[in-house]
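Note on naming: letters A, B, ... go to the chains in the order of the sequence lines (proteins, then strands), and numbering restarts at 1 for each one.
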There are 2 protein chains.
Amino acid sequence: MGYSIGQVAKKTGLTAHTLRYYEKEGLLPFVKKSGSGLRVFSDSDLDWLVLIECLKGTGMSLKDIKQYIDWYMEGDSTLNQRLEMFKRQKLKLEEQMSQLQKHMEKINYKIAYYTEIIANGSEGVFERNPELAAERKRVYGK
Amino acid sequence: MGYSIGQVAKKTGLTAHTLRYYEKEGLLPFVKKSGSGLRVFSDSDLDWLVLIECLKGTGMSLKDIKQYIDWYMEGDSTLNQRLEMFKRQKLKLEEQMSQLQKHMEKINYKIAYYTEIIANGSEGVFERNPELAAERKRVYGK
DNA sequence: ATAGTTTTTAGAGTTAACTCTAAGTCAAGA
DNA sequence: TCTTGACTTAGAGTTAACTCTAAAAACTAT
């Protein structure tokens with residue numbers, strides 16, 4: 001059960017170029033080659049790609065993802081490092097989620113603001129945009 | 001009430017270099033210069049920086065942020081474009097938040113997995129990592 | 001007044017993560 | 001077999017967003 005690089009590109013949405021780049025960077029150390037040199041991806045290589053997308057999606061650099069993979073290949077002596085890495089990533093992710101929630105509030109405010117002045121003209125209640133000024137004071141101090 | 005570039009750098013956590021870069025890219029069109037050529041930031045410039053950080057934090061490129069600023073400077077004829085931009089950004093943000101939630105589940109699984117095998121050795125219940133294989137099938141089909 | 005710190009500019013350099021090219025090899029269908 | 005499309009490599013090129021440099025000018029504290 002093997003997939004060509006093109007099939008994997010289609011499945012994952014990554015390009016074949018990107019998949020080769022990931023391999024070159026050491027992120028896909030398990031991908032086999034056929035007798036004639038073609039890459040043959042297995043289901044477990046797809047599992048790795050799922051994990052890579054997850055870590056990348058939470059802002060981890062390819063370099064740090066490679067560090068994890070290197071630890072993985074080093075075996076059981078690195079179990080603690082790997083656990084700690086995921087714990088750090090979880091904290092980072094929680095921070096990100098709470099940041100996004102704050103960004104969402106600002107964007108909702110902007111949508112309300114523009115909706116209001118498009119409906120009622122610029123003399124509407126939001127005129128002086130007090131929320132953002134308050135926000136500035138909260139964020140940067142007075 | 002004006003701030004030097006160094007004061008703003010301290011307030012925002014951006015470097016003075018980055019602030020100059022933003023200005024060069026057209027993101028800070030309202031920053032004044034003193035008679036001798038020094039930048040003088042006002043509170044309203046800090047408001048802009050809050051908004052820029054918000055949009056950047058939701059993944060908008062500086063180029064797109066500049067587009068918004070250009071629309072802003074064009075005046076009321078662009079109110080609808082600006083509203084639509086924020087609505088698009090809100091959708092993007094909702095998608096991001098739901099993605100992060102999924103990533104969080106995977107990372108929680110990994111933390112449980114590593115915690116288990118560190119505690120009980122690699123013959124634990126998580127041995128064959130079935131969750132990620134199931135996830136691969138869900139994500140990429142087969 | 002002078003020493004030390006900040007700011008100015010134009011422009012060069014860096015980094016991460018792709019993205020593409022060229023020239024050749026491999027594989028599958030008519 | 002021929003052709004067409006997918007795949008191979010090494011290496012060059014691109015893009016976004018900084019990041020830094022150098023030399024000069026401007027503030028600030030004694």
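- Rounded to an integer number of Å, the gap from B:Phe41 CZ to C:dT6 C1' is 14 Å.
- Across the interface with DNA chain D, nearest-nucleotide mapping of B:Leu38 and A:Gly6 shows A:Gly6 to be the residue nearer the 5′ end.
- Whole-Å rounding puts the B:Tyr21 OH to C:dT9 P distance at 16 Å.
- Nearest-nucleotide mapping onto DNA chain C: of A:Ser34 and A:Met60, the residue sitting toward the 5' end is A:Met60.
- For the pair A:Lys24 and A:Gly37, nearest-nucleotide mapping onto DNA chain C gives the more 5' position to A:Lys24.
- In summary, the aromatic rings of B:Tyr72 and B:Trp48 are positioned with their centroids under 6.0 Å apart.
- Side-chain N/O atoms of B:Arg20 include none lying less than 4.0 angstrom from OP1 or OP2 on C:dT7.
- Pairs engaging residues 20-36 of chain B under the salt bridge (Lys or Arg N to Asp or Glu O under 4.0 Å) rule: B:Glu23-B:Arg39 [sequence neighbours left out].
- Along DNA chain D, the stretch of nucleotides lying under 4.0 Å from any heavy atom of chain B spans, 5' to 3', D:dA17 to D:dC27.
- Few gaps surround NZ on A:Lys92; more than 12 heavy atoms of other groups in view lie less than 6.0 Å from it.
- Atom CG in B:Leu19 sits about 16 Å away from atom P in C:dT6, given to the nearest Å.
- Within a 6.0 Å radius of NZ in B:Lys63, no more than 12 heavy atoms belonging to other residues, nucleotides or ligands are found.
- Atom-to-atom, CD1 of B:Ile5 to C1' of C:dT5 comes out at 15 Å; the value is rounded to the nearest Å.
- Without hydrogens or angle criteria, A:Thr78 side chain to A:Glu74 main chain gives no donor-acceptor distance under 3.5 Å.
- Across all strands, B:Ser61 comes closer than 4.0 Å only to sugar-phosphate atoms, never to a base (heavy-atom distances).
- As judged by a 4.0 angstrom heavy-atom cut-off over every strand, A:Ser4 is placed among residues touching the sugar-phosphate backbone only.
- Taking the ring centroids of A:Phe86 and A:Tyr68, they lie under the 6.0 Å cut-off.
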